Amino acid sequence: MTLNKLKGKDFINLEDFNSSEILELIDLGIKLKKKTKGNKNLDILKGKNLVMYFAKPSLRTRLSFEIGAKKLGADTSVIKQDEIILGKRESIEDTARVISKYADGITIRTFEHSDVELFAEYASIPVVNALTDLSHPCQIMADLMTIKEKFGSFKGLKVTYVGDGNNVTNSLLKGASLVGMDVCAACPNGYEPDSNQIKIAEHISGETKNKIEILTDPYEAVSGANVIYGDVWTSMGQEAEYETRKEIFKGYQINEKLTANAAKDHIVLHCLPAHKGEEITAETFEKNAEHIFNQAENRMYAQMAILASIMG
């Protein structure tokens with residue numbers, strides 16, 4: 001039940017995959033969820049070893065990859081930032097070649113996107129981007145899986161992101177475009193998504209014919225939206241900007257007044273952790289808690305689909 005055509009491929013940028021492959025991965029994630037829900041395990045990756053490197057703290061990423069890999073029959077090993085300091089004690093090129101001799105795949109959660117790409121260039125095993133400052137493709141796969149489960153299809157849907165044009169936003173623009181879903185981002189001036197990532201999404205939309213909008217007015221942006229998406233205003237590494245960002249983003253809170261502009265059947269998603277009272281009110285969060293925590297759960301199943309396909 002794996003996508004054998006993806007075996008050996010890296011999962012670093014969503015645009016490295018076509019629409020058909022992304023849709024098939026989403027469907028595989030849904031199938032794996034049904035097959036392994038609870039304590040049921042498979043042997044798709046039996047005998048395989050997955051290394052997980054973390055330069056950033058993690059709750060969902062570590063547990064979803066570690067438990068998900070074990071559900072597929074793989075063994076896992078975790079390396080933290082202070083143990084190797086990627087690119088400091090030893091070059092990224094050499095580290096990639098060493099780990100390739102021990103493991104069958106690696107996930108990397110770090111700051112510089114270029115570090116993951118350089119690692120992949122020298123590694124002989126599949127490399128998964130578990131988050132960089134530029135992108136968060138595994139999160140978006142879980143988001144798309146959650147939307148597919150809720151609505152049954154992406155056809156005619158609109159997703160609106162409200163807040164900082166960060167790594168999640170960059171990947172959401174591309175992921176939504178790959179499945180043909182209209183996507184809008186509402187961000188303050190100067191906090192828009194990466195301009196090159198917007199261009200990539202627009203190039204994808206030339207094939208899928210979805211609509212992409214980058215706006216400053218959140219009320220205009222959520223008009224007719226089926227999915228409203230939020231994230232923290234201050235990401236890891238930006239702590240010194242907290243007070244400034246809190247003031248700049250105060251008009252971008254996801255609350256009941258804002259969501260009243262969305263489609264009647266809308267849901268609110270949040271990639272977590274949530275700072276309730278800042279980017280989203282506790283009331284709106286709790287009204288959508290079922291969807292938000294299903295989204296968090298789907299991190300594991302979406303990533304299982306990725307691992308099964310590239311390592312299987």
Side-chain angles (χ1 to χ4, degrees), residues 1-54 58-79 96 98-109 116 119-120 123-131 135-149 171 175 178-179 293-312:
M1 63 186 296
T2 60
L3 299 178
N4 292 327
K5 61 185 177 181
L6 300 184
K7 187 173 182 178
K9 189 168 182 175
D10 299 320
F11 194 86
I12 298 174
N13 305 297
L14 288 174
E15 63 269 25
D16 296 335
F17 299 83
N18 60 41
S19 294
S20 176
E21 290 167 339
I22 293 296
L23 290 168
E24 287 180 52
L25 281 170
I26 293 166
D27 287 341
L28 178 57
I30 293 171
K31 290 177 183 177
L32 288 171
K33 184 176 183 178
K34 292 176 181 177
K35 282 184 173 291
T36 63
K37 188 79 170 177
N39 296 319
K40 298 175 183 177
N41 296 329
L42 302 173
D43 61 1
I44 294 173
L45 296 182
K46 186 177 181 180
K48 300 292 180 73
N49 290 282
L50 176 70
V51 169
M52 300 180 290
Y53 172 74
F54 293 95
S58 169
L59 169 63
R60 280 156 296 279
T61 300
R62 174 166 178 174
L63 288 179
S64 58
F65 268 116
E66 189 165 16
I67 296 173
K70 289 178 179 178
K71 279 180 172 288
L72 293 172
D75 290 321
T76 60
S77 300
V78 174
I79 304 174
V98 168
I99 292 176
S100 294
K101 296 296 184 181
Y102 302 147
D104 302 287
I106 182 169
T107 69
I108 302 177
R109 178 180 171 94
V116 180
F119 193 104
S124 57
I125 56 175
V127 177
V128 178
N129 173 5
L131 176 144
S135 67
H136 201 352
C138 291
Q139 175 65 59
I140 301 309
M141 292 301 292
D143 303 337
L144 295 175
M145 179 178 162
T146 306
I147 294 168
K148 177 73 178 291
E149 284 181 323
S171 293
L178 280 163
V179 299
F293 289 107
N294 186 45
Q295 176 189 11
E297 179 184 8
N298 284 342
R299 280 289 300 276
M300 180 168 69
Y301 297 109
Q303 289 161 185
M304 285 171 64
I306 294 166
L307 294 177
S309 298
I310 66 178
M311 289 177 58

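Source: prediction; values computed, not measured.
- Nearest heavy atoms, Ala96 versus Ala123: CB-N, 3.8 Å.
- Sorted pairs that involve residues 21-46 and meet ring pair (Phe, Tyr, Trp, His ring centres under 6.0 Å), not counting sequence neighbours, are lacking altogether.
- The only option from Ile26, Thr146, Asn298 that meets the side-chain contact (heavy atoms from CB on, under 4.5 Å) definition with Met141 turns out to be Ile26.
- Ile44 has its side chain within reach of Leu32: a pair of non-hydrogen atoms, C-beta onward, lies under 4.5 Å apart.
- In terms of the side-chain contact (heavy atoms from CB on, under 4.5 Å) criterion, residue partners of Lys70 (sequence neighbours excluded) are, by chain and number, Glu66, Thr76.
- Put simply, CD1 on Ile108 and CD1 on Ile12 are 7.5 Å apart, with the number rounded to the nearest 0.5 Å.
- Between Ser77 atom OG and Ile106 atom CD1 the span is 10.0 Å, to the nearest 0.5 Å.
- Contact detail for Leu50 and Ala69: the closest heavy-atom pair is CD2-CB, 3.9 Å.
- Side-chain contact check for Phe54 versus Thr61: some heavy-atom pair is nearer than 4.5 Å.
- In this structure, CZ in Arg109 is found 10.5 Å from SG in Cys138, a value given to the nearest 0.5 Å.
- At distances below 3.5 Å, at least one donor-acceptor pair connects side-chain atoms of Ser19 with backbone N or O atoms of Leu178.
- No donor-acceptor pair under 3.5 Å is formed between the side chain of Lys40 and the backbone N or O of Lys71.
- Residues Lys148 and Val179 form no side-chain contact, since every pair of their non-hydrogen atoms from C-beta on lies 4.5 Å or further apart.
- Take Asn18 and apply the side-chain contact (heavy atoms from CB on, under 4.5 Å) test, not counting sequence neighbours, and it matches Ser20, Glu21.
- A distance of 11.5 Å separates NZ of Lys48 from CG of Asp43, quoted to the nearest 0.5 Å.
- Applying the salt bridge (Lys or Arg N to Asp or Glu O under 4.0 Å) test to residues at least two apart or on different chains, the pairs with a partner in residues 5-14 are Lys5-Glu24.
- The minimum heavy-atom distance linking Met145 with Ala302 is given by the pair SD-N, 4.0 Å.
- At least one donor-acceptor pair under 3.5 Å links the side chain of Asp104 to the backbone N or O of Asn49.
- The backbone N or O of Val128 sits nowhere less than 3.5 Å from a side-chain atom of Thr107 that would complete a donor-acceptor pair.
- The shortest distance between side-chain heavy atoms of Gln295 and Gln139 falls below 4.5 Å.
- Here the CD1-CZ distance, from Ile67 to Arg62, works out to 10.0 Å after rounding to the nearest 0.5 Å.
- Residue Ala130 comes nearest to His136 through the heavy atom pair O-CE1, 3.6 Å, listed as atom of the first residue, atom of the second, then distance.
- Heavy atoms only, all atoms of each residue included: Ala120 and Val127 are closest at CA-CG2, 3.8 Å.
- No side-chain heavy atom of Val51 sits under 4.5 Å from any side-chain heavy atom of Tyr102.
- Checking each of Ile22, Leu14, Ile306, Asn13 against Pro137 for a side-chain contact (heavy atoms from CB on, under 4.5 Å) leaves exactly one that passes, namely Leu14.
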- [ ] List the steps and the verdict of side chain to side chain contact (heavy atoms under 4.5 Å, CB included) for Leu63 and Met300.
- [x] CA-CA 8 Å; Leu63 288 179; Met300 180 168 69; over 6 Å; no

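- Ser171 and Ser135 make their closest contact through OG-CB, 3.3 Å (heavy atoms, listed as atom of the first residue, atom of the second, distance).
- Considering CG of Asn41 and NZ of Lys46, their distance stands at 11.5 Å, rounded to 0.5 Å.
- Residues in residues 295-312 take part in these salt bridge (Lys or Arg N to Asp or Glu O under 4.0 Å) pairs, two or more places apart or across chains: Lys37-Glu297.
- For residues 9-31, the pairs satisfying ring pair (Phe, Tyr, Trp, His ring centres under 6.0 Å) are Phe11-Phe17, with sequence neighbours left out.
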